[in-house]
Amino acid sequence: MTSSKHSKELRRLALSVLQPGFVGTEAPDWVLRAINDGLSSVVLFSRNIVSTAQVTRLTAQLCAENPELIVAIDEEAGDVTRIESATGATRPGNFALGTVDDLELTAAVAGDLGRQLRAAGISLDYAPSVDVNSNPDNPIIGVRSFGADTALVARHAAAWVRGLQAAGVAACAKHFPGHGDVAVDSHHGLPTYDADLDEIAAQALPPFRAAVEAGVGAVMSGHLLVPAHDPDLPATLSSRLLNDLLRKEIGFDGLIVTDAIEMGAVADRYGLGGAAVMAVAAGADAVCVGGEHAEESTTALLTAALVDAASRGELAAERLAEAADRVRAFATWSHQLGQRAPLAPVQRDIGFAAARRALRTRGPADDVLPLAAAPHVVELVPSTNLAIGDETPWGVAAPLRERLPGTTSVRLPHHQLDARSGTLTDHALAPAAGRPLVVVVRDAARHAWMGRALAALTTARPDAVVVEMGLPSDALPGAVRIFTHGATAASGVAAAEVLALGHTGRTA
């Protein structure tokens, strides 16, 4: 093979293992050119989505260049939603489903999501998160997990995978080998999972084994250090974890895809190109990029880094070719998966029904609910991690206003409370004088400022109803406490129904 032909082949192979994002609601010219040059995958984010009809046009435009193009999306349902980022998810997330603990319901919700994605032309979903949220202070997983019990997470991981793939969309179990027992957000730093081999095998790995046994098409690596397996390299860059543990010990033979390679945990240490090369060398087959770096120059940079590394022998050409072969095999399999699945309409009501089943109350709900008058609602707003879109609406005030006209509300982020010492009195307590007060929080136990604000509000108003839309806490104050186990639109509606119509949730 001549030098020019060899370089062209290496570039084609390098392009084929990338899964880039892009900006816009139509396919940019550079993406269409790249597909013709060998790009085998693209990833959609909320910035690419206006409506289902528009996404369907977009994916048709992309797949016209390659009918077996892998069109991926980071759609977990629940708090992490792209397809419904503008409105909030109409299906509850993993934690709510784990709370209900009905495997048929979990499979049905995943299947309903799969039908929506497949109808829009999407073939790979970066979900479910099968991390066991064993650290309640975890800043990145939380309600994205089915729960803190390994066996529960494992059985729901399998049910979710089966439901989604039965609808014709490939599932991707993440974040291998388990991101649930860390205290650092890998978007910004490198988390460490400091457990021994036996604890990892018992706590974190069973959900991945269950997903593999359920036939999951892909597994996403996590950017975390697991010293018991590799004291030097994050899982995404570690052959010991990707090849020895996932491939050989667990027996996974599908597509290994990285978490976003631009995340600080790996990019800050090795650079975008360096991290991509190391990931493929370690055993990753596809490199996800573009959540934050979605320009043509990023894809060009990664392509050049892979080509250069293969040319110099830093990345074995055989490994690059093997990764490309796995991508091609996955593309064919996922295309056939979509063709085999029966077409069926999306059932919007299933998500709201699931959210109602996940709702729990504590306190004398029958004495307090339904509310006797239109309330004032105070929503304490935390900063969310980068996996959750800032644009995605959440809360209880809007759906409650539809059911109880006259409901008023205020949203108070941390910086507003810091800026004015009288904010709670002026904007929370004074408007609630002579009427019910509802306080909505999200992971109050994880945010000291929110805990202080909540304590001040419930001290001044012991009759306040508190709605927790994140992880529940036994120490949460309030005359009546409502736990939704997620901050989706469906969860907000479920809470509003209980506030307006009376106690319909199970007592926790």
Side-chain angles (χ1 to χ4, degrees), residues 79 86-88 142-143 359 361-363 365 368-385 388-473 475-484 486-489 491-501:
D79 289 24
T87 59
V143 296
L359 191 140
T361 61
R362 294 180 188 170
V368 176
L369 304 176
L371 297 175
H376 184 58
V377 180
V378 179
E379 297 177 334
L380 301 177
V381 183
S383 297
T384 56
N385 61 65
I388 299 171
D390 286 337
E391 75 282 357
T392 305
W394 66 276
V396 174
L400 185 56
R401 191 173 296 113
E402 294 176 3
R403 289 157 179 80
L404 284 179
T407 295
T408 58
S409 65
V410 63
R411 292 176 70 84
L412 298 176
H414 187 197
H415 65 86
Q416 287 190 15
L417 293 177
D418 283 345
R420 291 183 55 198
S421 59
T423 297
L424 286 180
T425 299
D426 294 344
H427 296 282
L429 293 173
R435 54 198 292 219
L437 174 65
V438 176
V439 185
V440 183
V441 294
R442 191 171 182 179
D443 291 324
R446 283 195 54 247
H447 302 285
W449 71 269
M450 190 180 295
R452 291 191 298 270
L454 179 60
L457 290 171
T458 54
T459 297
R461 285 290 301 269
D463 62 332
V465 177
V466 177
V467 181
E468 170 62 86
M469 302 194 78
L471 293 177
S473 168
L476 196 74
V480 172
R481 287 136 288 161
I482 299 172
F483 300 95
T484 62
T488 66
S491 301
V493 166
E497 289 174 344
V498 168
L499 290 164
L501 304 175

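Just so you know, these numbers come straight off a predicted model, no measurement behind them.
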Is [Y] close to [X] at the side-chain level, that is, under 4.5 Å between some pair of heavy atoms?
X: L412; Y: V381; result: no
X: L476; Y: F483; result: yes
X: V396; Y: I482; result: no
X: V467; Y: V441; result: no
X: P370; Y: L501; result: no

- prompt: Listed by chain and number, what are the side-chain hydrogen bond (donor to acceptor under 3.5 Å, both in side chains) partners of S473, not counting sequence neighbours?
  reply: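 For S473, no residue satisfies side-chain hydrogen bond (donor to acceptor under 3.5 Å, both in side chains) once neighbours in sequence are set aside.
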
- prompt: Who passes side-chain hydrogen bond (donor to acceptor under 3.5 Å, both in side chains) against T488, sequence neighbours left out?
  reply: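 Residues passing side-chain hydrogen bond (donor to acceptor under 3.5 Å, both in side chains) with T488: S491.
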
- prompt: Taking it one step at a time, do V465 and V368 satisfy side chain to side chain contact (heavy atoms under 4.5 Å, CB included)?
  reply: CA-CA 9 Å; V465 177; V368 176; 3.8 Å; yes

[X] to [Y] - nearest heavy-atom pair and separation:
X: P382; Y: W394; answer: CD-CZ2, 3.9 Å
X: V466; Y: P477; answer: CG2-O, 3.3 Å
X: A428; Y: H376; answer: O-CD2, 3.2 Å
X: A374; Y: G406; answer: CB-C, 3.5 Å
X: V480; Y: G363; answer: CG2-C, 4.4 Å

- prompt: With R411, which residues qualify under salt bridge (charged side-chain N to carboxylate O under 4.0 Å, His left out), at least two apart?
  reply: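 Salt bridge (charged side-chain N to carboxylate O under 4.0 Å, His left out) check on R411 returns E379.
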
task: Not counting sequence neighbours, list each pair that qualifies as a side-chain hydrogen bond (donor to acceptor under 3.5 Å, both in side chains) and has a residue in residues 428-447.
output: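 Non-adjacent pairs meeting side-chain hydrogen bond (donor to acceptor under 3.5 Å, both in side chains): D79-R442, T408-R435.
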
- request: May I have all residue pairs that pass side-chain hydrogen bond (donor to acceptor under 3.5 Å, both in side chains) and include part of residues 455-467, sequence neighbours excluded?
  value: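 Non-adjacent pairs meeting side-chain hydrogen bond (donor to acceptor under 3.5 Å, both in side chains): R461-D463.
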
Say you draw a straight line from [atom1] of [X] to [atom2] of [Y]; how long is it, rounded to the nearest 0.5 Å?
X: R401; Y: S409; atom1: CZ; atom2: OG; value: 4.0 Å
X: M469; Y: T484; atom1: CE; atom2: OG1; value: 4.0 Å
X: Q416; Y: L380; atom1: CD; atom2: CG; value: 11.0 Å

message: Hydrogens and angles aside, do R481 and T361 bring a side-chain donor and acceptor to less than 3.5 Å of each other?
response: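 No - no donor-acceptor pair under 3.5 Å links their side chains.
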
message: Holding to side chain to side chain contact (heavy atoms under 4.5 Å, CB included), I want the full list of residues that pass it with P375, two or more places apart in sequence or in another chain.
response: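 Counting only residues at least two positions away or on another chain, P375 forms a side chain to side chain contact (heavy atoms under 4.5 Å, CB included) with L371, V377, L400, L404, T407, P436, V438.
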
